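Comments concern the structure below.
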2 protein chains.
Amino acid sequence: MSRSAELTPTVENYLKHLFHQQQQSPDGWLPTGRLAACVGVTPGTATTMVKTLAEAGLVDYEPRGGVRLTSAGERHALGVIRRHRLIELFLVRELDLDWSEVHDEAERLEHALSDKVLERIDRLLGYPQFDPHGDPIPRAGGHVPTTEYQSLAECALHRAFVVARVTAQDAVFLQMIQRLHLVPGTRVVVEARDTAAQTVTVRPRSRPALNLGLPAAAKILVTAPG
Amino acid sequence: MSRSAELTPTVENYLKHLFHQQQQSPDGWLPTGRLAACVGVTPGTATTMVKTLAEAGLVDYEPRGGVRLTSAGERHALGVIRRHRLIELFLVRELDLDWSEVHDEAERLEHALSDKVLERIDRLLGYPQFDPHGDPIPRAGGHVPTTEYQSLAECALHRAFVVARVTAQDAVFLQMIQRLHLVPGTRVVVEARDTAAQTVTVRPRSRPALNLGLPAAAKILVTAPG
DNA sequence: GTAAAAATTTTGAGTATTCAAAATTGTATG
DNA sequence: CATACAATTTTGAATACTCAAAATTTTTAC
């Protein structure tokens, strides 16, 4: 009736962060300190938890070397991320919540939803592939729809693109994106890029051009239109 | 952004059960053993928790005398019950889950929903007054729509009534109600009542008559039609 | 009115999670 | 290579919750 293995919300949370962080550092091994920082606990706490996770077969752990999800751990992490992203989309599409505020809501709900309810939500939404931020929603089996994106920090100049994904979760940044009309789906052209000044000049379709800092531009991913 | 006082799910759960039980025993004082039984913990655990709740001002506690919700405790309890019942209705109406299975689902979700999401669900459902079992949904302010009901164990014979409410949560019982066509909204007539044999003969509108035991009949509440 | 039964509380202990601060290890530097 | 610095791990302790079993109180029964 509910989830397969029944991990605690805390454990699910560690696994989720672990997965996200591992995508960044592609050698796969994550220092425990980094994990601690993004879960929001002290380093010692993370060490303790990592040892627990290792005993449960969810991660590989090399003392002073780092942590890495096992395939079992990754499977669970993808389950949590699937729940999180489906909930986000549900909150935006069905309950009319704002794009920028659903992350925190989903954070709590992702640990309380049974497989059955999740399946119904999935069906109601028409088995969507992407959440409101453009992040891919893993399938129940664990498959993640992948697409190659470029960011506004690196794509070609004077070419039409479509914003596909915004890789940030904090409400302030997302509200800015909204105010600037750069939400997923918007057509944009990069008019200039100044690597010295670290700025990018972007023009959303039928709107005035605007300037973004390079780090911000790197969080906005685009694809070719059509 | 979320709930007012932030009680733990465990505490919310105790308060909810306390409220339900208090409705039964109207002197208001509930023995801790009874509370323990319905929360599903050992008596000692309930005693410990009750002392914690008393310190937090949520209950009055007389050692060896019993427990009673304070008005603060009742306010919180009604909040939990409101969430629970709105979720149940939402799951049935919007996600097409079965009447008989939503209780357990709501049990988990009632502790994870923010006020904001709850308000949206309330709006989506059209500010309903009753959940799928006919139980009243407390308003955000704490007001509970009350109606006087009679049960099939005590109502007049040969008079038309409408099933308004089924005061049970276990799936097996509810599935039986469904199979027997006695879900809320159904018109029924009690054709006979045998207090010695402890049975009631009920005829749902345009269906053959059927027999119920008295305790089962007492859980099915009816009102005058119209 | 005392003994047995029932309910309740207390005690001691365990799990899951966390922190602060001390100890350890590894790395980089001169 | 020794030393200083940073990261990590260990240690000791706290909170929230739970149980089993012992101790206590109340009720019931004779």
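Heavy atoms only: backbone and side chains are in, while hydrogens, waters and symmetry mates are out. First the proteins, then the strands, lettered A, B, ... as listed; each starts at 1. Just so we're clear, the structure is a prediction, and the values are computed from it rather than from any experiment.
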Review point. Can the positive tip of A:K51 be found less than 6.0 Å from the middle of the six-membered ring of A:Y61, inside 45° of the ring normal?
Key: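 Judged by the rule, A:K51 and A:Y61 form no cation-pi pair.
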Strictly below 4.0 Å: does [X] bring a side-chain N or O up to OP1 or OP2 of [N]?
X: B:T8; N: D:dA16; value: no
X: B:Y61; N: C:dT8; value: no
X: A:T48; N: C:dT17; value: no
X: B:K51; N: C:dT9; value: no
X: A:Y14; N: C:dA16; value: no
X: A:T42; N: C:dC19; value: yes

Nearest-angstrom distance from the residue atom [atom1] of [X] to [atom2] of [N]:
X: B:L7; N: D:dA16; atom1: CG; atom2: P; result: 12 Å
X: A:E62; N: D:dT8; atom1: CD; atom2: P; result: 14 Å
X: B:L53; N: D:dC17; atom1: CG; atom2: P; result: 9 Å
X: B:E6; N: D:dT15; atom1: CD; atom2: P; result: 20 Å
X: B:N13; N: D:dA16; atom1: CG; atom2: C1'; result: 15 Å
X: A:H111; N: C:dT17; atom1: NE2; atom2: P; result: 12 Å
X: A:E55; N: C:dA16; atom1: CD; atom2: C1'; result: 13 Å
X: A:R64; N: C:dT27; atom1: CZ; atom2: P; result: 10 Å

Point to revise | Sugar-phosphate only, base, or nothing, as touched by A:T32 at under 4.0 Å among non-hydrogen atoms | key: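 Contact class for A:T32: sugar-phosphate only.
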Taking the side chain of [X] as heavy atoms from C-beta outward, which of [options] is closest to it?
X: A:T47; options: C:dT18, D:dT8, C:dT17; value: D:dT8
X: A:T10; options: C:dT17, C:dC19, D:dT18; value: C:dT17
X: B:P31; options: C:dT8, D:dC19, C:dT18; value: C:dT8

Check your understanding: Under the 3.5 angstrom rule, does the side chain of B:R193 hit a backbone N or O of B:L152 as a donor-acceptor pair?
Key ->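 Answer holds: yes.
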Check your understanding: Looking only at atom types and distance, does a side-chain atom of B:T70 sit under 3.5 Å from a main-chain N or O of B:G57, one as donor and one as acceptor?
Key ->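 Pair found, side chain donor or acceptor close to backbone of B:G57.
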**Study point:** DNA chain D: 5'-proximal contact among B:G44 and B:M49 (nearest heavy atom)
**Key:**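 So the residue in question is B:M49.
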Exercise for review: Using the side-chain hydrogen bond (donor to acceptor under 3.5 Å, both in side chains) rule, pick out the option among B:R83, B:R85, B:H84 that qualifies with B:E110.
Suggested key: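 The residue from B:R83, B:R85, B:H84 that satisfies side-chain hydrogen bond (donor to acceptor under 3.5 Å, both in side chains) with B:E110 turns out to be B:H84.
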Exercise for review: Please check if any side-chain donor atom of A:T45 sits under 3.5 Å from a side-chain acceptor atom of A:T42, or the reverse.
Suggested key: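 There is such a pair (donor and acceptor under 3.5 Å, judged by atom type) between the side chains of A:T45 and A:T42.
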